[in-house]
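Shown next, in structure tokens, is the structure this report addresses.
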Number of protein chains: 2
Amino acid sequence: MTEAQHVQDAQNPEATESAPPVAPRGGRRGRPAATIYDIAKLAGVNPSTVSRALSKPGRINVKTEERIHAAAKELNYRLNPMARALPTGRTSSLGLLLADITNPMFFNVVRGAESAASMRGYTLLLAESQESSEREAAAAERLSPSVDGLVLVTSRLSDEQIVDLAAQRPLVVINRKVHGVPGIVPDIEPGIEQALAHLGGLGHTSIAFVSGPENSWMNRARWAALLDRAPALGMTIVEIGPGKPTLEGGATTLARVVAAGVTAVLAYNDLMAIGLMRAAQESGLDVPGELSIIGFDDIFGSDFTSPQLSTVRTPLGAIGDQAVRLIMRLIDEEAGGPPPLESDQPLVTEFVVRGSTGPAAR
Amino acid sequence: MTEAQHVQDAQNPEATESAPPVAPRGGRRGRPAATIYDIAKLAGVNPSTVSRALSKPGRINVKTEERIHAAAKELNYRLNPMARALPTGRTSSLGLLLADITNPMFFNVVRGAESAASMRGYTLLLAESQESSEREAAAAERLSPSVDGLVLVTSRLSDEQIVDLAAQRPLVVINRKVHGVPGIVPDIEPGIEQALAHLGGLGHTSIAFVSGPENSWMNRARWAALLDRAPALGMTIVEIGPGKPTLEGGATTLARVVAAGVTAVLAYNDLMAIGLMRAAQESGLDVPGELSIIGFDDIFGSDFTSPQLSTVRTPLGAIGDQAVRLIMRLIDEEAGGPPPLESDQPLVTEFVVRGSTGPAAR
DNA sequence: CCCGGTTTGTCAACCGGTTGCCAAAATTGG
DNA sequence: CCAATTTTGGCAACCGGTTGACAAACCGGG
């Protein structure tokens, strides 16, 4: 019998000598990673003492503790996170759920989150919903049992679904407000106010909002703020959309933008703004000569275009960072720690003037 | 006593009735998530039978299996991945280690990897090394015990470190070749050949390579290929660098590029190319009139610039996808499954002509 | 109706940590 | 020098699954 056909002959009755262990001891790799039992044997103490020495500094006699640490170092010991998670329920990892990884808006959010998490010894589990609420729900289900908390970035889930999820474990939503669920939302007012003032100063009186996904909370929030402020500043405003929050989504609105006869548009996000700008230029329209365009977020690449895109900047990195810090506070609080007290600095948006806005064509 | 001050009175001595379990049963949330024991009770069978019914279809009587599935559904059961991972050693998750999350080159790699992973029921753990080999090593250590395999994307580790890591568990490197370690590397030759032919056709005879990080394998590979091919096509070529693989890294080489008197440059990646192009334009140099610029990768935004960037496209999404598929083959193989047989389609690069290249200034 | 062979489900051990409880050892004080 | 108190470390149970071994139940055939 060759060594290769290792399975198949299971019910062999004379396999009585020293039954092999359940798993092939670390998957036929080098030796099987030290455990606290190995350390205990080497240091001549009980495994529970090792556990305490390693995770409850001070609980154990200094001399013993030193001996154990030395043994651990010698064996190159690494704690098995899964073994710890089982009895304690704490996994030291966070789930991050994104609508679309390739949308540059997420880059900085992810980076901010990753750095805040790894600084505190937490690991990030990543999942993408590709703008689909079913996939997002499935991903949340999948991640949920393995994490201490969940961060939803521009979720496409319904409020009820989010509330249900939040009932199971600590959860923070980004760019959305859901009643009773902690969320991180930048203050969009200042940026919008500045953007509208800028347009007003350039003589624009008739503008449009190219809107994004219908089920995006942030999309509605931006539109609501514009609807509230634009008339107050003496401008008329119309909504064009909804559309996909992508380059194509922006490009396909061109005909309607032109038809609406507006002199300036704000798009739901930079991607749509850039898509629209390129479509406009391809059809011979001058930006900003004949049409001023403003985006949202100030994503990577928004200053690559020609003209560079004027946009309402969102502090994306800070958002990711604060979301993670907030969820860790929730986790600590739930574990019986002190209630949160430190409050984070506010997240404000700001209008960035670049080249895609100019005097209104009359 | 208000409901809010929930802790603080721990050492209460008369807490003798029914000692609470170790963990507060799911962290004072709604009920504690069903286990196979709950299902067993409900279905009137042994827990081990439940385990088999759920993970070894066919091992159990159809009727019993149905009953168990019904009970599982009723209790809204989710398997606890950690509890499974402990005895089996299989975690169903993969670690992805990136040099820099904000570099757009990773977006598509991550997306390809995430989609391949989630399709197979795997979860991605993400870590960033921020271009530092120490941080990368630390992150690998941290992730390693929790994953079935590791994917290193443009690693900044030394070959030895990578070999050591690969000895511990399945590992795949992207954009790098390390002896004895499986890797996914696109074939850079075709794209480079096409790019050089393109430049040659435009009359360029003196070109430069703006190089990236010294410890980047791919940087050396690109330079080596250029060094090999350019003279064969009758061009002289010089290396300028090394530099950081960022916009600034590219911009700061401008003086040296100009001083070198070349008419065209290839940059290590699109980011550097774009940085260089912008610096050139700011200093009044015409691109491509006075200097032709070519990047590598074709990242998001490389066609936003004006002129749009000519670049050697790398199939980033396919790379992420294949890396994950490869590592899953390694995992299966190690678990005693069949050896890999299907071979993936080749990953070739291709030159994309856009606007940043033109006839040589003479 | 009995026998050998196959299905089916139970038992119990195990993965690698954590922690409540307790007893032995060390320390303090009178 | 002994009682009271505090430190220290061991025992054993537990987290939620998986799996080898085994026995009971079931099957068809002679």
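Nothing here was measured: the structure is a model prediction, and the numbers come from that model. A, B, ... follow the sequence lines: proteins, then strands. Residue 1 opens every chain.
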ask   = 5'-most contact on DNA chain C: A:Val50 or B:Ile60, nearest heavy atom basis?
value = B:Ile60
query = How long is the line joining CD of A:Glu65 and P of D:dT8, in whole Å?
reply = 10 Å
At a cut-off of 3.5 Å, list every protein nitrogen or oxygen paired with a nitrogen or oxygen from nucleotides 10-13 of chain D, distance to 0.1 Å.
{"from": "D:dG10", "atom 1": "OP2", "to": "A:Asn46", "atom 2": "N", "distance (Å)": "2.7"}
{"from": "D:dG10", "atom 1": "OP2", "to": "A:Thr49", "atom 2": "OG1", "distance (Å)": "2.5"}
{"from": "D:dG10", "atom 1": "N7", "to": "A:Arg52", "atom 2": "NH2", "distance (Å)": "3.4"}
{"from": "D:dG10", "atom 1": "O6", "to": "A:Arg52", "atom 2": "NH2", "distance (Å)": "2.2"}
{"from": "D:dC11", "atom 1": "OP2", "to": "A:Asn46", "atom 2": "ND2", "distance (Å)": "3.0"}
{"from": "D:dC11", "atom 1": "N4", "to": "A:Ser48", "atom 2": "OG", "distance (Å)": "3.2"}

inquiry  = Quick check for you: to the nearest 0.5 Å, what is the distance between B:Met82 atom CE and A:Thr91 atom OG1?
reply    = 5.5 Å
request  = Looking only at side-chain atoms of A:Ala83, point me to the closest of C:dG17, D:dG17, D:dT8.
outcome  = C:dG17
task = Write down the atom of B:Leu124, the atom of B:Ala117, and the distance for their closest heavy-atom approach.
result = CD1-CB, 3.7 Å
task = Quickly work out the B:Lys41 NZ to C:dT10 P distance and round it to whole Å.
result = 15 Å
ask   = Of the candidate nucleotides D:dG17, C:dG16, D:dT19, which contains the atom at the shortest distance from the side chain of B:Leu79?
value = D:dG17
request  = Grab the two heavy atoms, one from B:Val153 and one from B:Phe106, that are nearest each other, plus how far apart they are.
outcome  = CG1-CE2, 3.4 Å
inquiry  = If you define the side chain from C-beta out and look only at heavy atoms, does anything of A:Ile162 sit under 4.5 Å from A:Ser155?
reply    = yes
task = Please determine if a side-chain N or O atom of B:Thr64 lies less than 4.0 Å away from the OP1 or OP2 oxygen of C:dG9.
result = yes
message = Rounded to whole Å, how long is the line connecting atom CG of B:Asn80 with atom C1' of D:dC14?
response = 14 Å
request  = Classify the nucleic acid contact of B:Ser51 as base, sugar-phosphate or nothing, counting any heavy atom under 4.0 Å across all strands shown.
outcome  = base
task = Can you tell me the distance, in whole Å, between the CZ atom of B:Arg90 and the C1' atom of C:dC15?
result = 15 Å
inquiry  = Quick check on D:dT8: is either OP1 or OP2 less than 4.0 Å from any side-chain nitrogen or oxygen of A:Lys63?
reply    = no
key: Nucleotide D:dC26, atom P - distance to CG of B:Asn61 in whole Å   = 11 Å
query = To the nearest angstrom, how far is B:Ile39 atom CD1 from C:dG9 atom P?
reply = 15 Å
remark   = When rounded to whole Å, the CD to C1' distance for the pair A:Glu66 and D:dT8 reads 16 Å
task = Say whether, by atom type as modelled, one donor and one acceptor occur between the side chain of A:Arg156 and the main chain of A:Ala99 under 3.5 angstrom.
result = no
Euclidean distance, atom NZ of residue A:Lys56 to atom P of C:dG17 [Å, nearest integer] = 14 Å
query = Looking only at atom types and distance, does a side-chain atom of B:Asp38 sit under 3.5 Å from a main-chain N or O of B:Thr35, one as donor and one as acceptor?
reply = yes
request  = Would you mind reporting whether A:Arg111 and B:Gln130 have side-chain heavy atoms less than 4.5 Å apart?
outcome  = yes
remark   = Out of D:dG16, C:dT18, D:dG17, minimum distance to the side chain of A:Leu86 belongs to D:dG16
